[in-house]
Asks: 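The structure that follows is given in the form of structure tokens.
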Amino acid sequence: VQTGQVIRNNVYSYTVPDYPVYDHHWLSSVSFYLVSEFFGFKGLTIFKTLILLSAFSLLFLAALKKADFWLVALFSLPTILILAGRNRIRPEMFSYFFIALFLYLLFDLEEHPERRRIFWLIPLQLLWVNFHLFFFVGIALVGGFLAEKITPNLRVFWRDPVVKKLLLVLPMLIAVVFINPNGIEGVLAPVKSHSYASFMVSENQTLFNLRASILTWDIFSSAFVPMAAIFLLSFAFNFFRKPVFFLLAGIGSAGAGLLQVRLITIFALMFLPAVSANFNGVFLKTKE
């Protein structure tokens with residue numbers, strides 16, 4: 001804020017101060033600083049709470065576009081258990097907000113193909129790449145949603161207004177991620193491995209790695225396995241509708257959660273709309 005420039009060197013080290021630093025969440029840091037400067041730590045806590053509540057509210061509204069209110073409310077309970085495990089003031093909270101907003105706008109496009117709200121994803125993606133490392137999830141969501149719309153209509157998919165809009169949006173999302181202070185390094189940051197010479201960071205461990213901190217084996221991570229089982233079971237009730245998007249999103253995020261404990265939260269965000277949509281048909285029949 002004082003220099004008007006993104007930090008390039010390691011200002012926290014006196015031994016290797018010139019070591020290059022690629023700050024992929026610089027805009028989050030600026031946001032936290034400004035909020036704390038004007039409103040103090042209490043204000044920062046309220047700000048964090050508002051972001052997380054907004055993320056969950058958007059996720060709930062997105063799921064409502066796919067299923068009955070009470071079904072969504074039911075599956076919100078295990079979702080909240082996992083989301084509560086990552087409720088600190090950290091840059092990743094912005095990614096939860098963006099993921100929920102992307103899902104909402106994608107489902108809104110499916111429900112109202114004539115609307116142009118989907119193009120808001122482009123400036124949102126530009127913000128996301130500068131807020132947090134998980135920006136690639138936005139591109140993956142749009143790509144998976146596009147795959148679902150193209151698959152059943154390979155010969156005439158270009159006539160679908162949803163497909164037309166997504167074919168315009170997807171390349172633009174890929175293009176804007178290069179607009180960050182670190183350029184190509186910023187884009188490649190999610191796929192680079194991070195090594196720690198003296199210790200292993202628990203949140204980056206695999207779910208079943210006994211070397212991970214005991215703190216990872218709380219309700220946050222213990223809910224993952226039964227939720228994954230419910231997720232897979234739900235597709236037996238929605239198999240003929242070919243929910244390609246939910247299948248890809250769920251399996252991809254679940255696999256990521258197995259590789260790194262911190263990524264379990266992304267699976268929870270996919271779990272709620274996917275399972276709600278898959279069980280909705282049988283749920284509505286039981287209500288009749």
Side-chain angles (χ1 to χ4, degrees), residues 1 3-11 20-35 47-48 50-52 54-55 58-59 62 86 88-106 108-109 116-147 165-194 203-204 245 248-249 252-253 256-257 259-260 262-270:
V1 172
T3 64
Q5 297 179 349
V6 177
I7 294 175
R8 296 291 185 180
N9 297 327
N10 192 350
V11 298
V21 173
Y22 301 106
D23 187 0
H24 48 70
H25 54 261
W26 68 273
L27 200 50
S28 294
S29 302
V30 171
S31 301
F32 293 152
Y33 172 77
L34 292 176
V35 172
F47 176 66
K48 178 259 306 194
L50 291 175
I51 293 294
L52 292 176
S54 298
L58 283 169
L59 182 67
R86 305 290 296 187
R88 300 170 185 168
I89 303 172
R90 301 184 59 170
E92 65 189 52
M93 71 185 196
F94 292 107
S95 279
Y96 304 152
F97 175 81
F98 284 123
I99 289 173
L101 187 51
F102 266 57
L103 287 172
Y104 179 84
L105 289 175
L106 286 170
D108 182 75
L109 175 65
R116 301 178 61 85
R117 293 178 180 177
I118 195 67
F119 292 102
W120 279 104
L121 294 185
I122 300 168
L124 288 171
Q125 184 72 66
L126 177 59
L127 288 174
W128 196 351
V129 71
N130 291 289
F131 264 103
H132 190 242
L133 187 69
F134 292 168
F135 65 87
F136 63 91
V137 177
I139 298 174
L141 288 176
V142 175
F145 202 75
L146 178 60
K165 286 184 172 67
L166 293 179
L167 285 174
L168 288 174
V169 169
L170 184 58
M172 293 182 184
L173 296 184
I174 297 173
V176 297
V177 298
F178 289 90
I179 306 176
N180 71 85
N182 303 308
I184 185 65
E185 291 290 342
V187 175
L188 297 178
V191 298
K192 287 190 174 182
S193 60
H194 299 278
E203 69 176 16
N204 290 338
F245 173 71
L248 292 176
S253 58
L259 294 176
Q260 286 193 5
R262 66 184 297 197
L263 300 178
I264 292 177
T265 311
I266 298 181
F267 169 72
L269 295 171
M270 304 303 165

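Along the sequence shown, residues are numbered consecutively beginning with 1.
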Asks: Can you tell me how far CZ of R90 sits from OG of S95, rounded to the nearest 0.5 angstrom?
Replies: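 Answer for the OG-CZ pair, S95 versus R90, is 11.5 Å.
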
Asks: By the definition side chain to side chain contact (heavy atoms under 4.5 Å, CB included), identify the one residue from V169, L141, L146 that meets it with L106.
Replies: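 By the side chain to side chain contact (heavy atoms under 4.5 Å, CB included) criterion, L106 pairs with just one of V169, L141, L146: L141.
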
Asks: How long is the straight-line distance from NZ of K165 back to CG of L167, given to the nearest 0.5 Å?
Replies: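 So the gap between those two atoms works out to 11.5 Å.
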
Asks: Would you name the heavy atoms of G143 and L170 that are closest together and state the gap between them?
Replies: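 Where G143 meets L170 most closely, the heavy atoms are N-CD1, 4.1 Å.
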
Asks: Testing the basics here: between P91 and F32, what is the closest heavy-atom pair and its distance to 0.1 Å?
Replies: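 Closest heavy-atom pair between P91 and F32: N-CE1, 3.9 Å.
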
Asks: Restricting to ring pair (Phe, Tyr, Trp, His ring centres under 6.0 Å), what partner residues turn up for F102, sequence neighbours left out?
Replies: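 With neighbours one apart ignored, the set is W128.
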
Asks: Working to the nearest 0.5 angstrom, can you tell me the gap between M270 CE and L248 CG?
Replies: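 If I round to the nearest 0.5 Å, the distance is 11.0 Å.
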
Asks: Could you state the interatomic distance from NE2 (H132) to CG (L127), rounded to the nearest 0.5 Å?
Replies: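 Answer rounded to 0.5 Å: 15.0 Å.
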
Asks: If you define the side chain from C-beta out and look only at heavy atoms, does anything of L101 sit under 4.5 Å from S54?
Replies: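 Contact flag for L101/S54 side chains = no.
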
Asks: Are L259 and L263 close enough that some pair of their side-chain heavy atoms sits under 4.5 Å apart?
Replies: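 A side-chain contact under 4.5 Å is absent here.
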
Asks: Please table the atom pairs, donor to acceptor, closer than 3.5 Å between any side-chain atom in residues 171-180 and protein atoms at least two apart or in another chain.
Replies:
residue, atom, partner, partner atom, Å
N180, OD1, N182, N, 2.8
N180, OD1, G183, N, 3.0
N180, ND2, V177, O, 2.8
N180, ND2, G183, O, 3.2

Asks: Any side-chain heavy atom of V30 within less than 4.5 Å of one from H25?
Replies: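 No, side chains not in contact.
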
Asks: What is the distance from atom CD1 of I89 to atom CZ of F47, rounded to the nearest 0.5 Å?
Replies: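 Here the interatomic distance stands at 10.0 Å.
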
Asks: Just grab all the side-chain hydrogen bond (donor to acceptor under 3.5 Å, both in side chains) pairs involving residues 135-147, residues at least two apart or on different chains.
Replies: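 For residues 135-147: none.
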
Asks: Please output the side-chain donor-acceptor pairs of residues 116-125 that fall under 3.5 Å, not counting sequence neighbours, one pair per line with the distance.
Replies:
residue, atom, partner, partner atom, Å
R117, NH1, D108, OD1, 3.4
Q125, NE2, F135, O, 3.0

Asks: Can you name the nearest heavy-atom pair linking F94 to S31, along with the distance?
Replies: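 Nearest pair, atom of F94 first, then S31: CZ-CB, 4.4 Å.
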
Asks: Enter the distance from E92:CD to R86:CZ here, rounded to the nearest 0.5 Å.
Replies: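 The CD atom of E92 sits 4.0 Å away from the CZ atom of R86.
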
Asks: With sequence neighbours excluded, tell me which residues meet ring pair (Phe, Tyr, Trp, His ring centres under 6.0 Å) with F136.
Replies: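 F136 satisfies ring pair (Phe, Tyr, Trp, His ring centres under 6.0 Å) with no residue once adjacent residues are dropped.
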
Asks: Mind checking what makes side chain to side chain contact (heavy atoms under 4.5 Å, CB included) contact with I7, not counting sequence neighbours?
Replies: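 By the side chain to side chain contact (heavy atoms under 4.5 Å, CB included) rule, I7 matches V11.
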
Asks: Ignoring hydrogens and angles, tell me if any N or O in the side chain of S28 forms a donor-acceptor pair with the backbone of F131 under 3.5 Å.
Replies: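 Flag set: sc S28 to bb F131 pair under 3.5 Å.
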
